[in-house]
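These notes concern the structure reproduced below.
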Amino acid sequence: MAVWLVRAGSQGQFEQKFLQDKKIYLTWDDLNIRLDSLSNREDLIHALEEYYPDAKYKKQTNHASQIWPFAHAMQQGDLVILPSKTQPVIYVGTITSNYTYDASAQNPFYHWRSMDWQQNPVPRTHFSQDLLYSFGAFMTICRITRNNAEERIRRMETGGWQPETRNQTTDNQASK
């Protein structure tokens, strides 16, 4: 099972919608195309060029590297980390559906996956600094793998989201 970082808008403006709707959304403005009909990333890049003709190719490839996994790599049972922009907590949830496209949805909520959010968010202080650095990644959507993150986060989940201990972090880094 993978662990994904997903942001709810650059300023967290969609955070409550994600939580209330029990979904994560791919919030790229105006991107009203069925992503699961594209056979590869190059097709996605060409589609992005049509939707955003003023963007440079490097930006299109960067966006494709974030958009593609939402429709093609995320799986039911994967964890999602949603750092709050409004309080010092991390929302954690499990993906419970396949990718869904709704052409009639309000912009930018055309693309979504259902979520089972943990009842309570996890305080940021429960995570080691290296994980927090990963959660601070510049990207809107990315898989968190550095420093054995998936195993460590799953261990925290199993332990009821108690703070990661120094020994756990040291042991994990020593095993790399």
Side-chain angles (χ1 to χ4, degrees), residues 1-15 18-19 23-28 35 40-42 44-45 48 55-99 111-118 120-176:
M1 302 290 173
V3 176
W4 298 91
L5 171 73
V6 176
R7 299 203 185 283
S10 60
Q11 305 301 315
Q13 63 269 34
F14 306 126
E15 186 175 298
F18 280 35
L19 298 171
K23 294 179 180 174
I24 51 173
Y25 294 96
L26 178 70
T27 56
W28 253 258
L35 299 173
N40 57 54
R41 286 182 196 222
E42 277 303 311
L44 175 57
I45 291 169
L48 292 174
K56 295 187 179 183
Y57 183 78
K58 185 171 179 141
K59 185 173 186 174
Q60 303 290 19
T61 58
N62 177 289
H63 286 183
S65 74
Q66 297 175 71
I67 294 168
W68 185 261
F70 192 91
H72 296 276
M74 290 180 170
Q75 301 289 316
Q76 291 183 44
D78 287 353
L79 282 184
V80 169
I81 301 294
L82 176 66
S84 177
K85 290 276 193 174
T86 61
Q87 51 189 325
V89 298
I90 306 289
Y91 293 98
V92 181
T94 303
I95 297 173
T96 60
S97 75
N98 292 325
Y99 162 79
H111 314 275
W112 56 269
R113 287 177 173 271
S114 294
M115 295 293 301
D116 179 17
W117 294 109
Q118 299 280 330
N120 296 310
V122 182
R124 285 180 183 265
T125 57
H126 286 210
F127 295 93
S128 296
Q129 190 61 52
D130 64 322
L131 289 177
L132 291 173
Y133 286 146
S134 292
F135 301 164
F138 183 70
M139 299 175 84
T140 302
I141 298 170
C142 65
R143 188 169 176 183
I144 304 295
T145 59
R146 239 171 96 204
N147 297 325
N148 209 18
E150 292 177 8
E151 180 183 324
R152 292 168 56 201
I153 292 168
R154 290 290 182 181
R155 189 178 309 145
M156 288 178 69
E157 178 185 33
T158 301
W161 297 107
Q162 293 304 306
E164 186 176 32
T165 66
R166 181 174 167 83
N167 288 344
Q168 285 176 323
T169 304
T170 305
D171 291 347
N172 285 319
Q173 290 172 348
S175 69
K176 288 211 71 110

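Both backbone and side-chain heavy atoms feed into the values below; hydrogens, waters and symmetry mates do not. The chain is numbered in sequence order, starting from 1.
Taken to the nearest 0.5 Å, the OG1 atom of T145 stands 9.5 Å off from the CH2 atom of W4. We find the CG-CD1 distance between N62 and I45 to be 10.5 Å, quoted to the nearest 0.5 Å. Once rounded to the nearest 0.5 Å, the distance linking CD of E15 with CD of Q13 reads 10.0 Å. The CD1 atom of I24 sits 12.0 Å away from the OH atom of Y99 when rounded to the nearest 0.5 Å. A distance of 13.0 Å separates CG of L26 from CH2 of W68, quoted to the nearest 0.5 Å. Atom-to-atom distance recorded for D116:CG and T96:OG1 is 6.5 Å, nearest 0.5 angstrom.
Side chain of R7 to main chain of M139: a donor-acceptor pair is present (N/O by atom type, distance under 3.5 Å, no hydrogens or angles). When atom types are taken as modelled, the side chain of Q118 and the backbone of V92 share no donor-acceptor pair closer than 3.5 angstrom. At distances below 3.5 Å, at least one donor-acceptor pair connects side-chain atoms of R124 with backbone N or O atoms of S84. Panel note: side chain H72, backbone N40; no donor-acceptor pair is recorded below 3.5 Å.
Annotation: side chain of L35 is in contact with side chain of L44 (closest heavy-atom distance under 4.5 Å). Residues Y91 and V80 fail the side-chain proximity criterion, which asks for heavy atoms closer than 4.5 Å. Considering only heavy atoms from C-beta on, P83 stays 4.5 Å or farther from L132 through its side chain. Counting only heavy atoms from C-beta outward, the side chains of W28 and H111 never approach each other to under 4.5 Å.
Ion pairing of R154 with E157 is present here, as a side-chain N (NZ or NE/NH1/NH2) and a carboxylate O approach within less than 4.0 Å. A salt bridge between R143 and E150 is present, with a side-chain N of the basic residue lying under 4.0 Å from a carboxylate O of the acidic one. Salt bridge status for D130 with R152: present, with a side-chain N to carboxylate O gap under 4.0 Å.
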**Request:** Go through the steps for I81 and V6 under the test side chain to side chain contact (heavy atoms under 4.5 Å, CB included), then give the verdict.
**Result:** CA-CA 6 Å; I81 301 294; V6 176; over 6 Å; no
**Prompt:** Yes or no on side chain to side chain contact (heavy atoms under 4.5 Å, CB included) for W161 and I153, after CA distance, side-chain angles and deciding distance?
**Reply:** CA-CA 9 Å; W161 297 107; I153 292 168; 3.9 Å; yes
**Request:** Start with the C-alpha distance between S65 and R41, add both sets of side-chain angles, then the distance that settles side chain to side chain contact (heavy atoms under 4.5 Å, CB included), and finish with yes or no.
**Result:** CA-CA 8 Å; S65 74; R41 286 182 196 222; 3.9 Å; yes
**Steps toward side chain to side chain contact (heavy atoms under 4.5 Å, CB included) verdict (T27, F18)** = CA-CA 11 Å; T27 56; F18 280 35; 4.2 Å; yes
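No more than 12 heavy atoms of other residues, nucleotides or ligands sit less than 6.0 Å from atom CD of Q11.
Checked against a 6.0 Å centroid threshold, the rings of F14 and Y25 do not count as neighbours.
Nearest heavy atoms, I144 versus S134: CD1-O, 3.7 Å. Of all heavy-atom pairs between N148 and E151, the closest is ND2-OE1, 3.1 Å. Shown here for E164 and S128, the closest heavy-atom pair between the two residues is OE1-OG, 2.6 Å. Closest non-hydrogen pair, A64 versus L48, comes out as N-CD1, 3.8 Å. Annotation for Q60 and A55: closest pair NE2-CB, 3.4 Å, computed over non-hydrogen atoms. Across S97 and S114, no two heavy atoms sit closer than the pair OG-N, 2.7 Å.
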